[in-house]
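Computed from a predicted structure; not experimentally measured.
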Amino acid sequence: MSGNPFLGVLFHWLGGLASGSFYVPYKGVRKWSWEVYWLVGGFFSWIIMPWVMALSMTNDLFGVLRQQTSGTLFWTYLFGAMWGAGGLTFGLTMRYLGMSLGMGVALGYCAAFGTLLPPIFKMFVPAIPVPETIAQIASTLPGQITLGGVGVCLIGITVAALAGLTKEKQMPEAEKKKSIAEFNFSKGILMATFSGIMSAGFSFALTAGNPIGEASLAAGTTAIWTGLPKLVVVLLGGFTTNFIWCVLLTIQHRSGYQYISSKVRPEHAEAAGGGEHGPAAGAQAAAKVYTAAELKVPRLRNYVLSALAGITWYMQFFFYTMGETQMGEFGFASWTLHMASIIIFSTMWGWIFHEWKGASKKAHGLIAGGIMLLILSTIVIGFGTWLKGH
């Protein structure tokens, strides 16, 4: 399939802009618990948008899906569910670390493990749709360069994490909470690690779904849109994971009423955009006396902002699949381009929201150095794969 790599790069960077920006609308949500607005946004990003776009822009969607083998659908869905678990904890990473540090660390892991996990899994499960094992990759010069890029990526993660630790130690608690209400370095690093590992599933969910794209092309779909039917299956897997977790949290926090209520209960009154009430905060809030105005929920605004966040998140995949179809023989670079652009745009938003305001010059220098190493790692990984392609 031929394409225009320069157009492909543009699409990948638009996807990075969408991914790096999707969490911004959530910051405007008020009086809703995290699981409520996360699931509302998720319905738009994982269910509504994939079906609307695939039905309107591709040919014979249902026929294309019916043609697929059970193996193709199973692996595409399973890797999508794996990515969904990463996406779930990705949201938690934003809560605890903020956008610049959170996305930098999580996506650094994602770039590294998106390269490492598929060939490692293939050593144990030869049936998965991945070309080579990790041993085969390490036996060639391009493979060694790619693995060296992964090493640079892990160093970048370490430097970015050190920046967060420095910030936590040096800044007064009140200053940290001004920009990131629930800043918690240890929780954030744990969430970012899990998120980065699991989110790598998106890269090979699309690989597993390649037969779907080929069938869509054969059905007469324009090449640039042939990735959209794959997203229906991949994102259904992602929705499954997130739906189960949000339902469990809703039961635990008894927050289900928030979808329809015009008022929030006192124990949930402190919930704000980008955060979620915890047990301690809930107990303190329940003991506080609130006026009727303080308990009023801006439902319409919350739904609109959550929908906007969900649509924006979907658009990263929309542009990613478009870019993938245009990269031709440079298709190997799709994942690394995506990661690099997200890191850059999320860092931009972190600076806009003053997440590092008040931090020392050392912390600023470390986060800047960490981000630069993460971007460099994607270039090295891409170069290694380019050598393999030649």
What verdict does the side chain to side chain contact (heavy atoms under 4.5 Å, CB included) test give for Val40 and Asn302, after you've listed the backbone C-alpha separation in whole Å, the side-chain angles of each residue and the deciding distance to 0.1 Å? CA-CA 9 Å; Val40 171; Asn302 285 357; over 6 Å; no
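- Here the options are Asn210, Val233, Ile212, the test is side chain to side chain contact (heavy atoms under 4.5 Å, CB included), and the partner is Thr72; only Ile212 passes.
- With sequence neighbours excluded, no residue satisfies ring pair (Phe, Tyr, Trp, His ring centres under 6.0 Å) with Phe194.
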May I have the step-by-step check of side chain to side chain contact (heavy atoms under 4.5 Å, CB included) for Leu249 and Gln252, ending in yes or no? CA-CA 5 Å; Leu249 283 182; Gln252 179 187 349; 3.8 Å; yes
Considering only distance and modelled atom types, tabulate donor-acceptor pairs under 3.5 Å from the side chains of residues 45-55, sequence neighbours left out.
unit_1	atom_1	unit_2	atom_2	d
Ser45	OG	Gly41	O	3.2
Ser45	OG	Gly42	O	3.4

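- Listed by first and then second residue, the salt bridge (charged side-chain N to carboxylate O under 4.0 Å, His left out) pairs that reach into residues 240-249 come to none, sequence neighbours excluded.
- Here Tyr257 pairs with His268 under the ring pair (Phe, Tyr, Trp, His ring centres under 6.0 Å) rule; sequence neighbours left out.
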Full working for ring-ring contact (aromatic ring centres under 6.0 Å, His included) between Tyr320 and Phe202: CA-CA 11 Å; Tyr320 183 95; Phe202 180 73; 5.7 Å; yes
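- With a 4.5 Å cut-off on side-chain heavy atoms, Phe319 and His12 do not count as touching.
- In this structure a side-chain-to-backbone donor-acceptor pair under 3.5 Å is missing from Gln316 to Ala18.
- In terms of the side-chain contact (heavy atoms from CB on, under 4.5 Å) criterion, residue partners of Thr140 (sequence neighbours excluded) are, by chain and number, Pro142.
- For the pair Ala292 and Lys263, the tightest heavy-atom approach, listed with the atom from each and the gap, is CB-NZ, 4.3 Å.
- For the atom pair CD1 (Ile145) and CD1 (Ile137), the distance works out to 13.5 Å, reported to the nearest 0.5 Å.
- The number of heavy atoms from other shown groups lying within 6.0 Å of OH (Tyr303) is above 12.
- A search for ring pair (Phe, Tyr, Trp, His ring centres under 6.0 Å) contacts involving Phe44 returns nothing, not counting sequence neighbours.
- Applying the side-chain contact (heavy atoms from CB on, under 4.5 Å) rule to Ile251 yields the partners Val247; only residues at least two apart in sequence or on another chain are considered.
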Under 3.5 Å, which donor-acceptor pairs link side chains of residues 81-91 to any protein atom two or more places apart or in another chain?
unit_1	atom_1	unit_2	atom_2	d
Thr89	OG1	Ala85	O	3.1
Thr89	OG1	Gly86	O	3.2

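- Once rounded to the nearest 0.5 Å, the distance linking OH of Tyr314 with CG of Leu231 reads 5.0 Å.
- Pairs passing the salt bridge (charged side-chain N to carboxylate O under 4.0 Å, His left out) check and including a residue from residues 62-89, sequence neighbours excluded, do not occur.
- Residue Arg254 qualifies as open at atom CZ: its count of foreign heavy atoms under 6.0 Å is 12 or below.
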Can Tyr26 and Trp313 be said to form a ring-ring contact (aromatic ring centres under 6.0 Å, His included), step by step? CA-CA 12 Å; Tyr26 283 137; Trp313 199 5; 8.3 Å; no
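- Counted by atom type alone, Ser216 and Thr221 present one or more donor-acceptor pairs between their side chains at under 3.5 Å.
- Tyr77 and Thr240 share a donor-acceptor pair across their side chains, judged by distance under 3.5 Å alone.
- The closest side-chain heavy-atom distance from Glu35 to Leu39 is not below 4.5 Å.
- The shortest distance between side-chain heavy atoms of Phe239 and Asn242 does not fall below 4.5 Å.
- Among residues two or more places apart in sequence or in another chain, the ring pair (Phe, Tyr, Trp, His ring centres under 6.0 Å) test is passed with Trp225 by Phe318.
- The salt bridge (charged side-chain N to carboxylate O under 4.0 Å, His left out) contacts involving residues 212-240 comprise Lys230-Glu324, where partners must be two or more places apart or lie in separate chains.
- Annotation for Leu141: atom CG counts as buried by contact number, over 12 foreign heavy atoms lying within 6.0 Å.
- If you chain together ILVMFWY residues whose side-chain heavy atoms come under 4.5 Å of each other, Val304 ends up grouped with Leu300.
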